[in-house]
Each structure stands twice: as C-alpha cells, then as structure tokens.
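Working notes, beginning with the structure itself.
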Amino acid sequence: MKIGFVSAILDGWTFEEMMETAAGMGYQCVEAACWPDGKAERRYAGVSHIDVDNTSHGYVEHIKEISSRTGVAISALAYYPNTMDSNLEKREAAIAHLKKVICFSQKLGVGLVTTFIGREQTKSVEENLETFRQVWPPIIRYAEEHDVKIAVENCPMLFGPEQWPGGQNLFTTPALWRTLFDIIPSRNFGINYDPSHFVWQMMDYIQPIYEFSDRIFHVHYKDIKVYPWKLARVGTMAYPLEYMAPKLPGLGDVDWGRYVSALTDIGYDGFTCVEVEDRAFETDRERILDSLRLSKRYIEQFVQ
C-alpha cells in the first residue's frame, strides 16, 4: 500500500508546491483536488490543484513531469459534488465538470476519479434511488468509455442544518452499496473506503471490507471522535457535529490496526490517503503541515 494525502488541505498551494511538499515529507502519492473555479459552498470544496479545463498537451505533460520528478504518484483526481442536486442547474454543472475530471484522469494515465453519488436531501431513499437510475448509468458508461474507474466515498454529507434531513450523498451504508451495485454492476464503479463515517453512524467498519473487497478502489485515513457525554445529551438524531468531530488518524475512535489488518487480509495494495479535516490543525500554514507530518508518522506503524 502507498501512503498519500488528499490535497484539498493544502488550499492556496500551487500544484508544484503541493507535490514538493508531499515529496519532502516522504509521501508516495496524492489524491489531487480538481474543483471548478468559483466560490466553495462548504469546507474543503473549491480547491483545485489540477485545472481539468486546460487539456493542452503541454499542461498534461507538465503534470506528468512534476509527478515523475518528485516521485509522488497521483492516486486519483478528486471532485466531490452533489451530482443529484434537486437544483437541476447545479446538478448539470456538477455532472459536466465530473466528466471533465474523468477525461483528464484518462489523459494523465491515472484511471481513477474519487467522488460522491450525491442526493436530493429532502427526498426519501426510495425517491433518490429513482434519481440514481436516471443520473448515474450515463456517467459510469462515460467512465467506461474512457477506461476510468469511479471510487465513491461513503460520507453521508450530513453534518449540519444546511444538509438536513437526508444529507447530500446516497452512498452511505453497505446495504445501499449493494443496491446501487445491483443497479449498476459495472466493474468501473466502486468504493473510496473511509472508516470514520461508520464510526459516528454506530456501524461496523471492518466487515464491509471483506464483503466488498473487489469494489475497494481507493482508501482514506481519517479518524472520528465521538463524545459520549454530548451524544447522551443530544442523541443520534441530532446534527452529527453536535456529538462528534473529525480528527487526525490516531486521535479518534478508529482502530487502525484492525482496519489495516483487514485491508491486508483482502490483498489490498493500492493507494491509501490521509484526509485531514481536523479543525485543531487549521489555525495556520505550519499547523496544517504538522497535521500531515503527524498523520504519516502514525500511519507508518501499520503501513510500509
């Protein structure tokens, strides 16, 4: 397994600076953020280290050259929008940009895009499954045509009132994964596995690794800390951020030894990326860099 990080935490760094930072810390790969221009609607969105609108041969070769020179691979191109937004204008814009990311992933020879399914947050699961049947088969066919795999992260995108009540990503549980894979059985459609989201949903984050071993295309290292006294006061029906917080690997409740052990059991030897969303490490530029140093140091006791 190769250790990397999600580049969105280095907002404000150029692609070249971001890659040099990764190389200097000994990271082997990065999951490169590829958002379109414009104002971000949430944290960690809107960051773009690769401009997928620039498809010139020179730019594509420049990206490849930087990766080769630094020795840092690009694990995937990352874009996490809501492709099933109830606002059809936003939905179409998200799908259009996602297709650009897919094309660019092919041009780079990366062959992987990490993203969300999306969700109409005020509609039921059943209604969203119907939307999925309309929206996603053409996207996966497009990915197949470009020999690119799609790895969907299992984040519910339900943290506060702006995402209430259903969240903005349908791809949240093993039961729903099975349903979605039955609808689209393509081998280009898989998982970007993040154990932290199972923790605050009070779910087993180990067993699905075995059940969906052939669908895990990419892996995240992000921790979650559930505060029992807060949970006891507000309950699981509260906004999740009222009783939990994202943390660096090792500072939350994920048992990383069991997690990595399960990945080795299934023979996973692909890319694994630290995802930093810990507010305690966002006060300044040096603190952000500390978060990447500390995360790598911790994870290396399990992954070499």
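Proximity of E300 to I3: side-chain heavy atoms (C-beta onward) are separated by under 4.5 Å at one or more points. Between W136 and S186, the closest side-chain pair of non-hydrogen atoms is not below 4.5 Å. For the pair E153/E275, a side-chain contact is recorded, criterion being any heavy-atom separation below 4.5 Å from C-beta on. Residues L170 and F116 have side chains not in contact (no heavy-atom distance under 4.5 Å, counting atoms from C-beta outward). Residues I50 and F15 form a side-chain contact, since some pair of their non-hydrogen atoms from C-beta on lies under 4.5 Å apart. A heavy-atom distance below 4.5 Å is not found between the side chains of C34 and H49. By the 4.5 Å heavy-atom criterion applied to side chains, D194 and V219 are not counted as neighbours. The shortest distance between side-chain heavy atoms of V60 and F104 falls below 4.5 Å.
I9 and F271 are assigned to two separate hydrophobic clusters, defined by single-linkage of ILVMFWY side chains at heavy-atom distances under 4.5 Å. Residues F217 and V6 do not share a hydrophobic cluster, clusters being chains of Ile/Leu/Val/Met/Phe/Trp/Tyr side chains in contact below 4.5 Å. One hydrophobic cluster, built from ILVMFWY side chains closer than 4.5 Å, cannot hold both Y227 and F198; they sit in different ones. Following chains of ILVMFWY side-chain contacts shorter than 4.5 Å, one cannot reach W229 starting from L231, and the two form parts of different hydrophobic clusters.
For the residue pair E92/H97, the side-chain donor-acceptor check at 3.5 Å is not satisfied. For the 3.5 Å distance criterion, the side chains of T172 and W177 fail to qualify, holding no donor opposite an acceptor. Counted by atom type alone, T272 and Y221 present one or more donor-acceptor pairs between their side chains at under 3.5 Å. Side-chain contact, Y59 with D51: no donor N or O sits under 3.5 Å from an acceptor N or O. Residues E120 and T131 bring a donor and an acceptor atom of their side chains to less than 3.5 Å of each other. For the 3.5 Å distance criterion, the side chains of D223 and W256 qualify, holding a donor opposite an acceptor. In the model, S75 has a side-chain atom that pairs as donor or acceptor with a side-chain atom of H218 under 3.5 Å.
We find the CE-CZ distance between M84 and F132 to be 7.5 Å, quoted to the nearest 0.5 Å. One finds the CD1 atom of I102 at 4.0 Å from the CD1 atom of I150 (value rounded to the nearest 0.5 Å). Rounded to the nearest 0.5 angstrom, L77 CG and C103 SG are separated by 11.0 Å. For the atom pair CG of D53 and CG of D37, the computed distance is 7.0 Å after rounding to the nearest 0.5 Å. Expressed to the nearest 0.5 Å, how far OG1 of T114 lies from CG of L112 amounts to 6.5 Å. To the nearest 0.5 Å, atoms CG (L108) and CD (E61) are separated by 9.0 Å.
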Does the ring pair (Phe, Tyr, Trp, His ring centres under 6.0 Å) test come out yes or no for Y243 and Y239, once each step is laid out? CA-CA 8 Å; Y243 60 83; Y239 300 129; over 10 Å; no

Criterion side-chain contact (heavy atoms from CB on, under 4.5 Å) on V274 and K296, from CA distance to verdict: CA-CA 8 Å; V274 171; K296 181 173 181 288; 5.9 Å; no

Between E65 and S68, does a side-chain hydrogen bond (donor to acceptor under 3.5 Å, both in side chains) hold up when you go through it step by step? CA-CA 5 Å; E65 189 276 326; S68 176; over 6 Å; no

Check the pair N128 / V125 against side-chain contact (heavy atoms from CB on, under 4.5 Å), numbers first and verdict last. CA-CA 5 Å; N128 271 278; V125 168; 5.6 Å; no

Steps toward side-chain contact (heavy atoms from CB on, under 4.5 Å) verdict (I288, T283): CA-CA 8 Å; I288 288 170; T283 53; over 6 Å; no

Could you go through the side-chain contact (heavy atoms from CB on, under 4.5 Å) check for T173 and M203 one step at a time? CA-CA 9 Å; T173 68; M203 297 167 63; 3.9 Å; yes

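At distances below 3.5 Å, at least one donor-acceptor pair connects side-chain atoms of S7 with backbone N or O atoms of A33. The main-chain N or O of D85 is found under 3.5 Å from a side-chain atom of R91 such that the two form a donor-acceptor pair. N192 places no side-chain N or O within donor-acceptor distance of the main-chain N or O of T115, the cut-off being under 3.5 Å. N188 places a side-chain N or O within 3.5 Å of a backbone atom of V148 that can act as its donor or acceptor partner. Judged by distance alone, with hydrogens and angles left aside, the side-chain atoms of Y27 form no donor-acceptor pair with the main-chain N or O of M19 at under 3.5 Å. Looking only at distances, a side-chain donor or acceptor of Q301 sits under 3.5 Å from a matching main-chain atom of Y298. Under the 3.5 Å distance criterion, the side-chain polar atoms of Q168 are left unmatched by any main-chain donor or acceptor of R119. Here the side chain of S213 pairs no donor or acceptor atom with the backbone of I209 at under 3.5 angstrom. Between the side chain of S105 and the backbone N or O of G111, at least one donor-acceptor pair lies under 3.5 Å. Listed for the Q163 side chain is a donor-acceptor partner under 3.5 Å among the backbone atoms of F159.
Closest of all the heavy-atom pairs between P246 and I224 is CA-CD1, 3.7 Å. Taking both residues in full, the closest heavy atoms of R285 and W13 are given as NH2-NE1, 3.0 Å, listed atom of the first, atom of the second, then distance. P165 and L158 get closest at one heavy-atom pair: O-CD2, 3.6 Å. Across every non-hydrogen atom of Y268 and I216, the tightest pair is CE1-O, 3.6 Å. The two atoms that bring V47 and W35 nearest to each other are O-CD1, 3.0 Å, heavy atoms only. When all heavy atoms of I117 and T83 are compared, the closest pair comes out as O-OG1, 2.6 Å.
With respect to the salt-bridge test (charged N to carboxylate O, under 4.0 angstrom), the residues E145 and R141 do not qualify. Note on E20 versus R69: salt bridge recorded, some NZ/NE/NH1/NH2 to OD/OE distance being below 4.0 Å. Salt bridge status for E211 with R178: present, with a side-chain N to carboxylate O gap under 4.0 Å. Electrostatic pairing of R287 and D284 does not count as a salt bridge here, judged by no charged N lying under 4.0 Å from a carboxylate O.
Y142 and H146 have tilted rings, their planes meeting at an angle from 30° to 60° on a 0 to 90° scale. Aromatic ring pairs are classed by plane angle as parallel below 30°, tilted from 30° to 60° and perpendicular above 60°; the pair H220 and Y80 is tilted. Ring geometry, F181 versus F171: the interplanar angle exceeds 60°, so the pair is classed perpendicular (tilted spans 30 to 60°).
Not a single salt bridge (Lys or Arg N to Asp or Glu O under 4.0 Å) links K230 to another residue, sequence neighbours left out.
For CZ of R279, the number of neighbouring non-hydrogen atoms (other residues, nucleotides, ligands) closer than 6.0 Å is 12 at most. For D265, the CG atom sits in a packed shell: over 12 heavy atoms of surrounding residues, nucleotides or ligands are nearer than 6.0 Å. More than 12 heavy-atom neighbours from other residues, nucleotides or ligands sit within 6.0 angstrom of CD on E286.
Checked options K247, K222, K225; the residue passing with D278 is K247 (criterion: salt bridge (charged side-chain N to carboxylate O under 4.0 Å, His left out)).
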